[in-house]
Amino acid sequence: QVQLVESGGGLVQAGGSLRLSCAASVSIFNVIAMGWYRRAPGKQRELVATITGGGNTNYADSVKGRFTISRDNAKKTVYLQMNSLKPEDTAVYYCHEDTIALLGRDYWGQGTQVTVSS
């Protein structure tokens, strides 16, 4: 069973920064892809960024150049560094396991709230 726990959300002014963390219990963490997704008020959940076990990354156009996804395999943790935050970044941010999901499973964290004020 996979358990994902997000943390690091909070309230920040536009232009500020936050770093989100996702601690994963999965035993094969080193070789799986992880992703960050978000759901803004009144909107559907969308992809923010992904990272493979080898460190290859992908970003949504809306956050490219501002957000950075990274991982620490020793700590089994994925991070999302968010800089130059905008009010439209306000959302609940979710951690997701992206490799096992391709094999018929789907694991999500509980989410962490990010609020950006103008």
Side-chain angles (χ1 to χ4, degrees):
Q1 187 175 8
V2 175
Q3 294 184 5
L4 306 171
V5 181
E6 302 97 331
S7 62
L11 175 64
V12 64
Q13 290 188 319
S17 299
L18 285 173
R19 189 178 75 159
L20 307 184
S21 299
C22 172
S25 65
V26 59
S27 61
I28 58 171
F29 180 84
N30 291 2
V31 296
I32 62 174
M34 300 291 296
W36 284 99
Y37 300 75
R38 67 186 182 187
R39 180 183 285 116
K43 297 184 179 297
Q44 299 182 52
R45 182 151 51 193
E46 64 176 349
L47 170 70
V48 177
T50 60
I51 185 168
T52 68
N56 295 316
T57 59
N58 186 55
Y59 298 91
D61 289 341
S62 59
V63 306
K64 190 175 181 62
R66 299 188 298 120
F67 291 10
T68 302
I69 188 171
S70 62
R71 66 193 298 157
D72 185 334
N73 288 340
K75 296 181 178 180
K76 294 186 177 181
T77 301
V78 178
Y79 304 96
L80 184 67
Q81 179 65 47
M82 305 185 295
N83 298 326
S84 301
L85 283 163
K86 304 175 180 179
E88 51 262 44
D89 294 319
T90 295
V92 178
Y93 284 71
Y94 298 90
C95 185
H96 183 256
E97 197 288 316
D98 286 341
T99 293
I100 300 177
L102 299 175
L103 304 177
R105 299 288 186 270
D106 197 21
Y107 299 101
W108 293 91
Q110 84 288 347
T112 185
Q113 176 71 49
V114 172
T115 302
V116 184
S117 62
S118 60

Check residues 41-51 and write down every donor-acceptor pair under 3.5 Å in which the side-chain atom is one partner and the other belongs to a residue at least two apart or another chain.
| from | atom 1 | to | atom 2 | distance (Å) |
| --- | --- | --- | --- | --- |
| E46 | OE2 | R38 | NE | 2.8 |
| E46 | OE2 | R38 | NH2 | 3.2 |

Using atom types as modelled, flag every donor-acceptor pair under 3.5 Å from a side chain in residues 111-118 to any protein atom, sequence neighbours excluded.
| from | atom 1 | to | atom 2 | distance (Å) |
| --- | --- | --- | --- | --- |
| T112 | OG1 | G9 | N | 3.1 |
| Q113 | NE2 | A91 | O | 3.4 |
| Q113 | NE2 | T115 | OG1 | 3.3 |

Do L20 and E6 make a side-chain contact, defined as non-hydrogen atoms from C-beta onward lying under 4.5 Å apart? no
Could I get the full list of side-chain contact (heavy atoms from CB on, under 4.5 Å) partners for R105, not counting sequence neighbours? I100, Y107
Could I get the full list of side-chain hydrogen bond (donor to acceptor under 3.5 Å, both in side chains) partners for Y37, not counting sequence neighbours? D98
Are Y94 and L18 linked, directly or through intermediate hydrophobic residues, by side-chain heavy-atom contacts shorter than 4.5 Å (ILVMFWY only)? no
Results of side-chain contact (heavy atoms from CB on, under 4.5 Å) for A60 - residues two or more places apart only: S62, V63
Flag yes if V92 and I69 sit in one hydrophobic cluster, no otherwise; membership is Ile, Leu, Val, Met, Phe, Trp, Tyr, and two members link when side-chain heavy atoms are under 4.5 Å apart. no
Could you tell me whether a side-chain N or O of R71 sits under 3.5 Å from a main-chain N or O of T52, the two making a donor and an acceptor? yes
Are V78 and V31 linked, directly or through intermediate hydrophobic residues, by side-chain heavy-atom contacts shorter than 4.5 Å (ILVMFWY only)? yes
On a heavy-atom basis, the closest approach of S21 and W36 is O-CH2, 3.6 Å
Can you list the residues that meet the side-chain hydrogen bond (donor to acceptor under 3.5 Å, both in side chains) rule with N83, with sequence neighbours excluded? S17, Q81
Path from I32 to Y79 over hydrophobic side-chain contacts below 4.5 Å: no
Disulfide (SG to SG under 2.5 Å) contacts touching residues 51-118 (sequence neighbours left out): C22-C95
With sequence neighbours left out, write down each residue that passes side-chain hydrogen bond (donor to acceptor under 3.5 Å, both in side chains) with Q3, or none if nothing qualifies. none
I'd like to know if the side chain of E97 reaches the main chain of T99, judged simply by a donor and an acceptor atom lying under 3.5 Å from each other, with no hydrogens or angles considered. yes
Identify, with sequence neighbours excluded, every residue that meets side-chain hydrogen bond (donor to acceptor under 3.5 Å, both in side chains) alongside E88. none
Side-chain heavy atoms nearer than 4.5 Å, only ILVMFWY residues, links allowed to pass through others: does that put V12 and L80 together? yes
The complete set of ring-ring contact (aromatic ring centres under 6.0 Å, His included) pairs with one or both residues in residues 41-71, sequence neighbours excluded, reads none
What residue pairs, at least two apart or across chains, pass disulfide (SG to SG under 2.5 Å) with a residue in residues 63-92? none
M34 vs L4 side-chain heavy atoms within contact, under 4.5 Å: yes
Can you name the residues that form a salt bridge (Lys or Arg N to Asp or Glu O under 4.0 Å) with R66, not counting sequence neighbours? D89
